[in-house]
Amino acid sequence: MANFSKPSVPRFSVEVYQNEYLPEGGREVNAIVTVTATGGGTVGQVAAGSPSYRAGQVPDAAVVIMVDCSGSMDYPATKMRGARDATAAAIDTLRDGVRFAVVAGTHVAKEVYPGDQGLAVASAATRGQAKEALRGLTSGGGTAIGTWLRLADHLLASADVTIRHGVLLTDGRNEHETPEALRSALDACAGRFTCDARGVGTDWEVKEVTGIASALLGTADIVADPSGLAADFTGMMETAMGKEVADVGLRLWTPMGAEVRFVKQVAPKVEELTGRRTEAGPRTGDYPTGSWGDESRDYHVCVEVPAASIGQEMLAARVSLVIGEPDGTTRTLSQDLVRAVWTDDMAASTSINPQVAHYTGQAELARVIQQGLDARKSGDVDGATAKLGRAVQLASASGNADTAKLLAKVVDVVDAAAGTVRLKAKVEVADEMTLETRSTKTVRVKK
């Protein structure tokens with residue numbers, strides 16, 4: 001028997017970027033918190049046969065792949081074939097030792113493999129068996145995604161592992177359960193596993209799929225052409241195989257009189273975290289960040305402090321990265337401080353930190369794209385033109401070239417710097433859905 005060891009654990013660092021200077025009476029303190037995990041060394045590792053696989057390590061992970069098998073997956077037939085091929089490619093990407101299962105989702109959820117209400121352990125034999133079981137996937141029935149998620153949660157809970165991850169593919173709207181039922185399932189699964197969600201084709205609802213990914217701290221994207229599913233699933237699974245630390249919390253302590261106004265992830269995508277706070281002691285709250293491999297993310301923290309006079313200074317917040325221990329305690333991985341200093345130097349107090357300015361613009365970019373597309377759908381041409389014009393201006397100013405290209409498929413750009421645009425008379429559905437799905441993706445600021 002092989003002598004397996006646990007993978008190395010990433011080291012975390014927390015860095016705060018801010019302008020700590022406030023004018024007399026100033027109360028709002030903004031900071032960008034960069035969290036970086038390094039040294040884990042498994043990002044991009046794949047199956048045991050891959051050259052990048054490190055022999056002798058047992059993966060501390062479990063994955064459930066949820067495949068839409070509703071009747072609409074047969075129209076066109078390439079969707080079901082693409083889903084089978086993509087799931088097979090994802091299975092091939094599993095490293096030896098990873099626990100896994102495949103679920104077929106319709107108006108009910110059914111475990112396709114291994115089929116015993118448990119998880120298989122990835123090996124050459126079980127990967128082959130799972131791919132053989134995919135041949136039995138057929139389409140028929142409705143769509144009730146909440147039932148898929150609950151079955152995935154049940155299966156993942158059976159594994160004594162650190163990383164629990166889901167991959168969900170759908171091609172249609174969640175028409176066979178109420179929005180409340182889906183929300184209840186998401187609430188039940190939140191914090192128990194992360195989930196990447198993909199919409200194939202153009203008949204699904206963007207806000208449903210992105211809402212699932214957001215609630216479960218995963219990624220969302222569109223795969224308009226089913227032929228692209230296999231490559232997308234392979235990339236998703238490779239990223240999942242690189243996760244080594246789960247349930248990491250961003251902890252904020254604020255002094256008496258100070259109040260957290262908001263916390264949001266701003267890179268690699270915008271994700272609102274304010275409402276997800278859980279209390280962790282006096283004036284202390286934790287915000288979930290999900291699972292980590294070797295990677296870096298940025299968070300925007302805004303704190304309101306008591307007004308003070310010139311020359312005074314205070315600690316506005318202590319930012320820590322924490323992880324739960326088996327005995328119920330938490331361990332601090334890294335921390336840094338957010339400060340406030342009151343000054344009569346107008347140049348110092350009015351200067352906006354470049355990181356704060358950049359990500360404030362990126363968050364606005366995501367917001368005005370959503371508002372512009374909603375206005376376009378409702379027939380509000382003037383509102384859509386104004387919002388999408390502002391989006392073009394922000395994308396140009398921040399160097400977000402990918403979003404600028406997506407916007408150019410929805411509007412004709414007259415002057416990017418000024419935000420002058422005209423709505424296109426005809427827009428491909430896939431282009432509009434791609435812009436909406438990817439609107440929260442951001443570019444990193446150059447520090």
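Positions are given from 1, in the same order as the sequence printed here.
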Go through the structure and list residues passing side-chain contact (heavy atoms from CB on, under 4.5 Å) with Ala185, not counting sequence neighbours.
Arg150
For Ser227, give me all partners under side-chain contact (heavy atoms from CB on, under 4.5 Å), at least two apart in sequence or on another chain.
Asp225
Under 4.0 Å between a Lys/Arg side-chain N and an Asp/Glu carboxylate O for Arg376 and Glu436?
no
Do His165 and Asp196 have a side chain donor and acceptor closer than 3.5 Å?
yes
Result for salt bridge (charged side-chain N to carboxylate O under 4.0 Å, His left out) between Lys79 and one of Asp68, Asp171, Asp74, Asp85 points to Asp171
Quick check against the 3.5 Å criterion: does Thr210 have a side-chain atom that pairs as donor or acceptor with the backbone of Val206?
yes
Using a strict cut-off of less than 4.0 Å between a Lys/Arg side-chain nitrogen and an Asp/Glu carboxylate oxygen, indicate whether Asp153 and Arg164 qualify as a salt bridge.
no
Minimal non-hydrogen separation, Thr289 against Leu217, with atom names:
C-CD1, 4.0 Å
May I ask you to decide if Ser334's main-chain N or O and Thr332's side chain share a donor-acceptor pair within less than 3.5 Å?
no
Is there a donor in the side chain of Thr254 and an acceptor in the side chain of Glu259, or the other way round, less than 3.5 Å apart?
no
Are Asp232 and Arg198 ion-paired here, with the side-chain N under 4.0 Å from a carboxylate O?
yes
Pair Lys264 + Asp298: basic N to acidic O under 4.0 Å:
no
What is the minimum heavy-atom distance between Ile369 and Ala391, and which atoms define it?
CG1-CB, 3.7 Å
Residues which pass side-chain contact (heavy atoms from CB on, under 4.5 Å) with Thr343, listed by chain and number, not counting sequence neighbours
Tyr21, Asp345, Ala348, Ser349
Distance to the ring centre below 6.0 angstrom and angle to the axis at most 45 degrees; does that hold for Arg297 and Trp292?
yes
Side chain proximity check, Leu273 to Arg276, heavy atoms < 4.5 angstrom
yes
Is a side-chain N or O of Thr360 found less than 3.5 angstrom from the main chain of Val356, in a donor-acceptor match?
yes
